Amino acid sequence: MTELCADYQEFLQHARVQQRLSPRTLRLYTDGLARLQALLAAASIDARQLSLAQARRLAAALHREGLAPRSIALLLSVWRSAYRWLGLQGRVALNPFDGLKAPRAPKPLPKALGVDDAVQLASHVPNQIADSRLEARDRALVELLYGAGLRAAELIGLDAQASGHAAGWVDLQAGEVHVLGKGGKRRSTPLGRAAAEALQAWLAVREQLAAPGEPALFVGARGHRIAGSTLRVMLSARAVSAGSPAHVHPHMLRHSFASHLLQSSGDLRAVQELLGHAHITTTQVYTQLDHQHLARIYDAAHPRAKK
């Protein structure tokens, strides 16, 4: 590696002694400044004369090289810190990296199970069942996650009976789930037939596990409201037993609910209401999932698709 110029070396010494940065962070700073020095040398730019326009072109060059937005943001942060220090030392007239931002990282699409995998997970019965009562509970939990698109906290917060204190409850007669969602917003979502049947089976044995006076609809082995960690561990183990192709967590079933509903209905506004999203833009991510589904169908079926 080419030796860094004196300005950059002195900044690193300041970062090590005065700022007491960790060895790992110092390595990142050193590599970042070495990259900047190489870019400046290739463009025949004096480090102390770097202008705003030239700094923007350097950032654009990083983007053209295919660097991820996070990597670009890290480099810009290192360069900004170095030139801030150089400015305090009176060695540069301005910090050319002030206000310069990396391109936004694209939001990763939420992972959703395929329809067959989701149905298999919901209907799966493990080979070895230690307690049939807990199996009835787990079946109802999975059916509600996938069948009603509930958040994990909404599901855990359900009470067995409707009351003024309940965050949420299930009305079996009306076929509805009432929940308290984000921002204190209440909403109702339909209860599907499979979920209703699973819930009735659980309610038939719930009293055998629930502690006296426990209001929670879903309880753990000790009789009190089930914990989020218990839900996650159960779902992960059930997915492995069912042969699911991906690590499954509670929110993945909510994504699956939304994606499959949108694929079937095409009604984005209805999906927004069912999910309890305040803004339609939050729900629009599922249209991208739907497009991926269409692309897979095309690639698999169309004679002109790339194989």
Side-chain angles (χ1 to χ4, degrees), residues 1-112 246-247 249 251-252 255 258-259 277-293 295-296 306:
M1 181 184 293
T2 305
E3 186 175 348
L4 292 175
C5 68
D7 282 343
Y8 294 168
Q9 287 188 27
E10 290 180 37
F11 164 70
L12 290 172
Q13 177 70 1
H14 162 79
R16 183 179 68 82
V17 177
Q18 302 297 326
Q19 295 182 312
R20 297 183 180 181
L21 298 184
S22 69
R24 180 179 179 277
T25 303
L26 283 171
R27 284 195 299 273
L28 290 173
Y29 272 48
T30 302
D31 293 344
L33 290 173
R35 185 156 199 161
L36 174 59
Q37 184 169 282
L39 288 169
L40 293 174
S44 300
I45 299 173
D46 186 327
R48 292 192 180 187
Q49 302 300 320
L50 181 61
S51 68
L52 295 172
Q54 290 168 332
R56 283 195 294 271
R57 285 198 288 272
L58 291 178
L62 296 175
H63 186 59
R64 286 195 300 274
E65 287 178 21
L67 258 67
R70 287 186 179 179
S71 298
I72 296 175
L74 176 60
L75 285 171
L76 290 177
S77 176
V78 171
W79 299 351
R80 190 178 301 112
S81 296
Y83 273 81
R84 184 180 300 121
W85 181 82
L86 290 173
L88 292 173
Q89 301 302 308
R91 303 184 191 185
V92 295
L94 55 83
N95 187 339
F97 298 105
D98 266 349
L100 196 57
K101 296 181 180 179
R104 284 188 179 181
K107 271 192 172 182
L109 290 177
K111 293 181 180 179
H247 171 66
H249 52 82
H251 220 64
M252 185 181 287
H255 294 321
S259 179
H277 286 163
H279 304 288
I280 194 72
T281 52
T282 310
T283 316
Q284 281 174 335
V285 66
Y286 295 105
T287 64
Q288 298 178 56
L289 286 174
D290 186 44
H291 176 76
Q292 288 187 336
H293 170 75
R296 285 195 297 270
K306 293 181 179 179

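Throughout, residue positions are numbered sequentially from 1 according to the sequence presented. All values derive from a computational prediction rather than experimental measurement.
- Below 30°, between 30° and 60°, or above 60°: for Tyr83 and Phe97 the angle between ring planes is above 60°, a perpendicular geometry.
- The neighbour count for His251 NE2, taken as heavy atoms of other residues, nucleotides or ligands under 6.0 Å away, is above 12.
- Looking only at side-chain heavy atoms (C-beta outward), Leu36 and Tyr8 come within less than 4.5 Å of each other.
- At a threshold of 4.5 Å between non-hydrogen side-chain atoms, the residues Asp98 and Arg80 count as touching.
- Using a 4.5 Å heavy-atom cutoff, the side chains of Leu88 and His14 are not in contact.
- Side-chain contact annotation: Glu3 with Gln9, donor-acceptor N/O pair under 3.5 Å present.
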Trace of the side-chain contact (heavy atoms from CB on, under 4.5 Å) decision for Lys101 with Leu76: CA-CA 8 Å; Lys101 296 181 180 179; Leu76 290 177; 5.8 Å; no

Could you go through Leu4 and Phe11, starting from their C-alpha distance and side-chain angles, then the distance that decides it, and tell me whether this counts as side-chain contact (heavy atoms from CB on, under 4.5 Å)? CA-CA 11 Å; Leu4 292 175; Phe11 164 70; over 6 Å; no

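- Contact of the Trp79 side chain with the Leu74 side chain is not registered, since no non-hydrogen atoms from C-beta on lie closer than 4.5 Å.
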Evaluation steps, side-chain contact (heavy atoms from CB on, under 4.5 Å), between His249 and Lys111: CA-CA 10 Å; His249 52 82; Lys111 293 181 180 179; 5.5 Å; no

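- The side chain to side chain contact (heavy atoms under 4.5 Å, CB included) search around Ile45 returns Leu40, Ala43, Leu50, Gln54, not counting sequence neighbours.
- Applying the side chain to side chain contact (heavy atoms under 4.5 Å, CB included) criterion to Arg48, with sequence neighbours excluded, gives Asp7, Asp46, Arg91, Val92.
- Under the 3.5 Å distance criterion, the side-chain polar atoms of Thr30 are matched with a main-chain donor or acceptor of Leu26.
- Thr25 places no side-chain N or O within 3.5 Å of a backbone atom of Leu21 that could act as its donor or acceptor partner.
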